[in-house]
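Per chain, numbering begins at 1; letters A, B, ... match sequence-line order. Because only heavy atoms are used, hydrogens play no part in the values below, and waters and symmetry mates are left out as well, while side chains stay in.
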There are 2 protein chains.
Amino acid sequence: MLRSYQSVTTDIVIFTIEQEELKVLLIKRAKEPFKNKWALPGGFILENEEPEKAALRVLKNKAGVSNIYMEQLYTFPGSGRDPRGNVITITYFALAPTEKIKIQKSKETQTPTFYSLKKLPQLAFDHKKIITYALKRLRSKLEYTNVVYSLLPQFFTFNQLQEAYETILDRELDKRNFRKKFILLNLIRSTKKVHKGIRQRPAQLYQFISCRPTELKKFF
Amino acid sequence: MLRSYQSVTTDIVIFTIEQEELKVLLIKRAKEPFKNKWALPGGFILENEEPEKAALRVLKNKAGVSNIYMEQLYTFPGSGRDPRGNVITITYFALAPTEKIKIQKSKETQTPTFYSLKKLPQLAFDHKKIITYALKRLRSKLEYTNVVYSLLPQFFTFNQLQEAYETILDRELDKRNFRKKFILLNLIRSTKKVHKGIRQRPAQLYQFISCRPTELKKFF
DNA sequence: ATACTTAGTGTAACATAAACACTTAATAAA
DNA sequence: TTTATTAAGTGTTTATGTTACACTAAGTAT
């Protein structure tokens, strides 16, 4: 008989942009293995629970968010969460603006913390690899989808939009070319609001016409 | 205690090109559920077996091939292979030239058969969805990688190469532009051999400089 | 009134992509 | 051996998209 049963976990790479840095949510593990090491939020998938549901549950419990952008990343073998080694982990990546995230300090004091991708601590399991994979996916998604909407507030300036791109791609973009291209894409519309309360010329605020994941022909 | 155990399967979309058609390998199920329906080759992942190893095992048993291009596609929930519903399937897609594939008629007489994507029979589980997903991935991979090498024989004519693209993308390409672009990519080299035994002017034979998956800047 | 800071805008050069038709080299048939 | 047939092979022009680049405008603070 071929059938066997595996222990299946999920791990989530939750990205946000804070202070012009791309950050990822990590928790300090309270249990063995890798006790006291930093790791991605995750956990076992329950009986009869769909993997995506499990990921959403983790997102809710660890980051206090629901209703944000999330997609499956990859299924990795044996992350080692189960001491017997017989485990796979289905990974997801999620994007949310910082304001939406309400970190849940759990009873196990796992101290969830956003770390800049440029200053990651040592990570448990193969979570470094997973984050690298997620970053690659995020970068390429920026180029042919509108997912950036999920990292920005409802109303934003053109500069905030450009900074999001620059932060994630880790390179500077030309202001005029960026605006030209983005306007042609027809993804955002200008509102009558302006960004006030700063001491310079106020910037016009924009919003996304649609906040659903959409694939574009080409992009950046 | 959160830990639970899931029944985990793998299903593989094996593509090949035959008679200028893109085809996928299907087997007729010998058991319930979906007995006598067509389905992707697949099976349960064994105790302590890595998912990719399981996929390679299926590839070997059902299509008689090893050492061909294969990559993970997506992990789907509950394909229904386990009657209790508590199952996930890790899917892969593989590419091989027809010559390499030696279909194994198994004792269970599962009659593995290549079906043109344009004439698929009714499929078991959610395998239609998986094939659609695989086709999308294959098409986009054609545009930014060199994977096409895995569908062609070692030596091939420029026309065979172009036909592979046309078959998969399901649209015609301009002969001169195609050659120009492909030559610039520097992926293939011409050999001194020619394609003989046909009644027209013999075509020069080419081979890939490297047969390892490589990502390109841009493509088609 | 002036200084400061970020917002906002257009054009020219360059690179890439698309459209398009004839000559060449072999085999087969007359 | 000549001619017909078939696919191989090859450049140029046009259109489109991408990159590089610098000044004026509109607010706030002093």
Side-chain angles (χ1 to χ4, degrees), chain A residues 17 19-20 139-140 142-146 152-153 155-167 169-207 215-220, chain B residues 17 19-20 139-140 142-146 152-153 155-167 169-207 215-220:
Chain A
I17 292 180
Q19 290 148 343
E20 300 194 24
R139 282 181 175 159
S140 77
L142 269 200
E143 307 205 344
Y144 70 95
T145 74
N146 63 348
L152 293 173
F155 298 102
F156 53 87
T157 67
F158 231 118
N159 257 25
Q160 283 179 282
L161 180 61
Q162 184 173 343
E163 274 169 16
Y165 270 84
E166 291 181 332
T167 301
L169 298 176
D170 199 26
R171 63 188 165 95
E172 293 195 353
L173 301 171
D174 180 90
K175 182 161 65 163
R176 277 172 293 190
N177 293 338
F178 181 87
R179 288 182 181 228
K180 232 184 307 174
K181 234 178 185 172
F182 222 98
I183 286 164
L184 273 178
L185 287 170
N186 224 41
L187 293 176
I188 56 177
R189 89 174 124 235
S190 69
T191 66
K192 303 230 165 82
K193 298 168 202 269
V194 289
H195 193 217
K196 299 199 90 173
I198 44 169
R199 82 174 173 300
Q200 316 83 350
R201 175 178 176 179
Q204 191 158 185
L205 290 175
Y206 290 80
Q207 65 182 330
E215 293 200 7
L216 312 166
K217 289 280 160 60
K218 257 183 207 177
F219 216 163
F220 285 91
Chain B
I17 292 179
Q19 288 148 344
E20 301 196 25
R139 283 182 174 157
S140 75
L142 269 200
E143 307 205 343
Y144 69 95
T145 74
N146 63 348
L152 294 172
F155 299 102
F156 54 88
T157 67
F158 232 117
N159 257 25
Q160 284 178 283
L161 179 61
Q162 183 173 344
E163 275 169 15
Y165 270 83
E166 292 181 330
T167 301
L169 298 177
D170 199 25
R171 63 188 165 95
E172 294 195 353
L173 300 171
D174 180 272
K175 181 160 65 162
R176 277 172 293 187
N177 292 338
F178 182 87
R179 288 184 180 226
K180 232 183 305 174
K181 233 174 181 173
F182 222 98
I183 286 164
L184 274 178
L185 288 170
N186 225 39
L187 293 176
I188 57 177
R189 90 174 122 236
S190 69
T191 66
K192 303 232 166 81
K193 300 167 199 266
V194 288
H195 193 216
K196 299 198 90 173
I198 43 172
R199 82 173 175 300
Q200 317 81 350
R201 175 178 176 179
Q204 190 157 189
L205 290 175
Y206 289 80
Q207 64 182 329
E215 294 200 7
L216 312 167
K217 289 279 160 62
K218 258 182 208 179
F219 217 163
F220 285 91

TODO: Find the distance B:Phe182:CZ to C:dA17:P and express it as a whole number of Å.
DONE: 14 Å
Open item on the list: The criterion is side-chain contact (heavy atoms from CB on, under 4.5 Å); which residues satisfy it with A:Lys175, sequence neighbours excluded?
Closed with: A:Asn159, A:Gln162, A:Arg179
Open item on the list: Output the rounded distance in Å from CG (B:Leu184) to C1' (D:dG11).
Closed with: 14 Å
- [ ] Indicate the atoms forming the closest heavy-atom contact of B:Leu216 with B:Asn146, along with that distance.
- [x] CD1-N, 4.4 Å
Open item on the list: Going by side-chain contact (heavy atoms from CB on, under 4.5 Å), name the residues that satisfy it together with B:Arg199, two or more places apart in sequence or in a different chain.
Closed with: none
- [ ] Answer yes or no: does a side-chain N or O of A:Asn159 lie under 4.0 Å from OP1 or OP2 of C:dA7?
- [x] yes
Output one line per pair: protein atom, nucleotide atom from nucleotides 10-13 of chain C, and distance, for all N/O pairs under 3.5 Å.
unit_1: C:dT11; atom_1: O4; unit_2: A:Lys180; atom_2: NZ; d: 2.9

Open item on the list: When you compare the side chain of A:Leu161 with that of A:Ile188, does any pair of heavy atoms fall below 4.5 Å?
Closed with: yes
Task: Expected output: side-chain A:Tyr165 to main-chain A:Asp170 donor-acceptor under 3.5 Å - done: no
TODO: Just jot down the side-chain hydrogen bond (donor to acceptor under 3.5 Å, both in side chains) partners of B:Lys193, sequence neighbours excluded, or say none.
DONE: none
Open item on the list: So does A:Leu173 get a backbone contact from the side chain of A:Glu166, meaning a donor-acceptor N/O pair under 3.5 Å?
Closed with: yes
Enumerate the protein-to-nucleotides 24-26 of chain C contacts in which both atoms are nitrogen or oxygen and the separation is below 3.5 Å.
unit_1: C:dT24; atom_1: O2; unit_2: B:Arg201; atom_2: NH1; d: 2.7
unit_1: C:dA25; atom_1: O4'; unit_2: B:Arg201; atom_2: NE; d: 3.3

- [ ] Would you please name every residue forming a side-chain contact (heavy atoms from CB on, under 4.5 Å) with A:Gln204, sequence neighbours left out?
- [x] A:Ser190, A:Tyr206
Task: Interatomic distance where CZ belongs to A:Phe178 and P belongs to C:dA7 [whole Å] - done: 13 Å
Task: Least distance between heavy atoms, B:Gln207 atom then B:Thr191 atom - done: NE2-CG2, 3.6 Å
- [ ] Rounded to the nearest angstrom, tell me the gap between atom NZ in B:Lys181 and atom P in D:dG9.
- [x] 20 Å
Task: Distance in angstrom units between B:Arg179 CZ and D:dT12 P, rounded - done: 17 Å
Task: Value in whole Å for how far the P atom of C:dA19 lies from CG of B:Leu173 - done: 11 Å
- [ ] Could you state the atom-to-atom distance from CD of A:Gln160 to C1' of C:dT6 in whole Å?
- [x] 13 Å
